[in-house]
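The block underneath contains the structure these notes are about, expressed in structure tokens.
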Amino acid sequence: QVQLVESGGGLVQAGGSLRLSCAASGSTFSIDAMGWYRQAPGKQRDLVATISRLGSTNYADSVKGRFTISRDNAKNTVYLQMNSLKPEDTAVYYCIVTTFRTFWGQGTQVTVSS
């Protein structure tokens with residue numbers, strides 16, 4: 001089992017920045033990919049970004065050039081640096097890690113005001 005603790009969400013004005021963190025504990029030796037999803041009210045949960053154990057990244061088109069995902073394998077932590085935030089980025093952001101299965105964090109609210 002893997003436990004995930006997210007932090008860094010909050011309220012920010014459009015054009016601002018936030019950095020999300022997600023620390024994993026438990027059976028971390030088996031962690032492969034890590035990433036972030038988000039879910040806005042009334043919408044489905046969508047992929048934001050993923051990063052492999054070796055550092056290969058993948059981004060949703062809507063965040064390319066504005067968001068950067070990174071990870072610290074020694075700390076079993078994944079980060080999401082979000083710059084040039086837009087009101088449409090408002091959502092609950094969920095951390096995920098994959099081992100033999102996918103584990104989800106509890107979610108952290110990001111609100112971008114116009």
Side-chain angles (χ1 to χ4, degrees):
Q1 290 284 55
V2 175
Q3 295 77 43
L4 302 174
V5 177
E6 299 155 342
S7 60
L11 173 64
V12 64
Q13 289 187 329
S17 299
L18 283 174
R19 188 191 195 208
L20 305 182
S21 299
C22 175
S25 61
S27 299
T28 57
F29 62 91
S30 58
I31 291 177
D32 185 8
M34 307 179 82
W36 295 90
Y37 278 68
R38 67 185 181 186
Q39 187 167 21
K43 296 188 176 181
Q44 66 181 22
R45 192 173 296 188
D46 292 325
L47 172 73
V48 176
T50 61
I51 184 167
S52 72
R53 188 169 187 83
L54 297 181
S56 296
T57 59
N58 178 52
Y59 294 93
D61 288 342
S62 59
V63 307
K64 283 181 180 177
R66 300 187 298 121
F67 291 11
T68 302
I69 189 170
S70 61
R71 65 190 282 174
D72 184 332
N73 290 333
K75 295 181 179 180
N76 298 306
T77 300
V78 61
Y79 306 95
L80 186 68
Q81 178 66 44
M82 304 185 293
N83 299 328
S84 301
L85 282 160
K86 304 175 181 180
E88 50 264 44
D89 295 317
T90 295
V92 176
Y93 284 70
Y94 296 91
C95 168
I96 65 151
V97 301
T98 58
T99 60
F100 58 91
R101 50 160 286 194
T102 298
F103 295 88
W104 292 82
Q106 79 283 0
T108 185
Q109 178 70 46
V110 171
T111 303
V112 184
S113 63
S114 56

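The figures here come from the full heavy-atom set of this structure, side chains too, leaving out hydrogens, waters and symmetry mates.
- For the atom pair CG (Asn58) and CG (Leu47), the distance works out to 6.0 Å, reported to the nearest 0.5 Å.
- From Ser25, atom OG reaches atom CG of Asn76 across 8.5 Å, with rounding to the nearest 0.5 Å.
- Stacking of Arg71 on the aromatic ring of Tyr79 is not recorded, the 6.0 Å distance cut-off and the 45° axial limit not both being met.
- The two residues Ala40 and Ala91 come nearest to each other via the heavy atoms N-CB, 3.8 Å.
- Under a 3.5 Å cut-off, the side chain of Thr77 and the backbone N or O of Lys75 do form a donor-acceptor pair.
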Could you walk me through whether Arg66 and Gln81 pass side-chain contact (heavy atoms from CB on, under 4.5 Å), step by step?
CA-CA 8 Å; Arg66 300 187 298 121; Gln81 178 66 44; over 6 Å; no
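- Contact check for Ile31 versus Thr98: no side-chain heavy atoms found under the 4.5 Å cut-off.
- Between Ala24 and Val2, the shortest heavy-atom distance links the atoms CB-CG1, 3.9 Å.
- Ile51 and Val63 fall within the same hydrophobic cluster, defined by Ile, Leu, Val, Met, Phe, Trp and Tyr side-chain heavy atoms under 4.5 Å apart, directly or through other members.
- Formation of a donor-acceptor pair under 3.5 Å by the Ser52 side chain with backbone atoms of Gly55 is found in this model.
- If you take CD on Gln3 and OG on Ser27, they are separated by 7.5 Å, rounding to the nearest 0.5 Å.
- A continuous path of Ile, Leu, Val, Met, Phe, Trp and Tyr side chains, each step under 4.5 Å between heavy atoms, connects Ile69 with Leu4, placing both in one hydrophobic cluster.
- No donor-acceptor contact under 3.5 angstrom links the side chains of Glu88 and Thr90, judged on distance only.
- A distance of 9.5 Å separates SG in Cys95 from CH2 in Trp104, rounded to the nearest 0.5 Å.
- A single hydrophobic cluster is seen to contain both Met34 and Tyr59, as judged by linkage of ILVMFWY side chains at heavy-atom distances under 4.5 Å, directly or through other members.
- Here CZ of Arg19 is found 11.5 Å from CE of Met82. Values are rounded to the nearest 0.5 Å.
- Ile96 and Val48 are not part of a single hydrophobic cluster, where members link through side-chain heavy atoms under 4.5 Å apart.
- Ring pair Tyr93/Phe67 is tilted by interplanar angle, where 30° to 60° counts as tilted.
- Side-chain contact between Ser17 and Val12 is absent, with no heavy-atom pair separated by less than 4.5 Å.
- Under the 4.5 Å side-chain heavy-atom criterion for grouping Ile, Leu, Val, Met, Phe, Trp and Tyr, Leu80 is connected to Val110 within one hydrophobic cluster.
- A donor-acceptor pair under 3.5 Å is formed between the side chain of Glu6 and the backbone N or O of Gly107.
- Cation-pi check for Arg45 over Tyr94 is met; the charged atom lies under 6.0 angstrom from the ring centroid and within 45 degrees of its normal.
- At a threshold of 4.0 Å, the pair Asp89-Lys86 does not count as salt-bridged, since none of the basic side-chain nitrogens sits closer than that to a carboxylate oxygen.
- The closest side-chain heavy-atom distance from Cys22 to Trp36 is below 4.5 Å.
- To the nearest 0.5 angstrom, Gln44 atom CD is 12.0 Å from Arg38 atom CZ.
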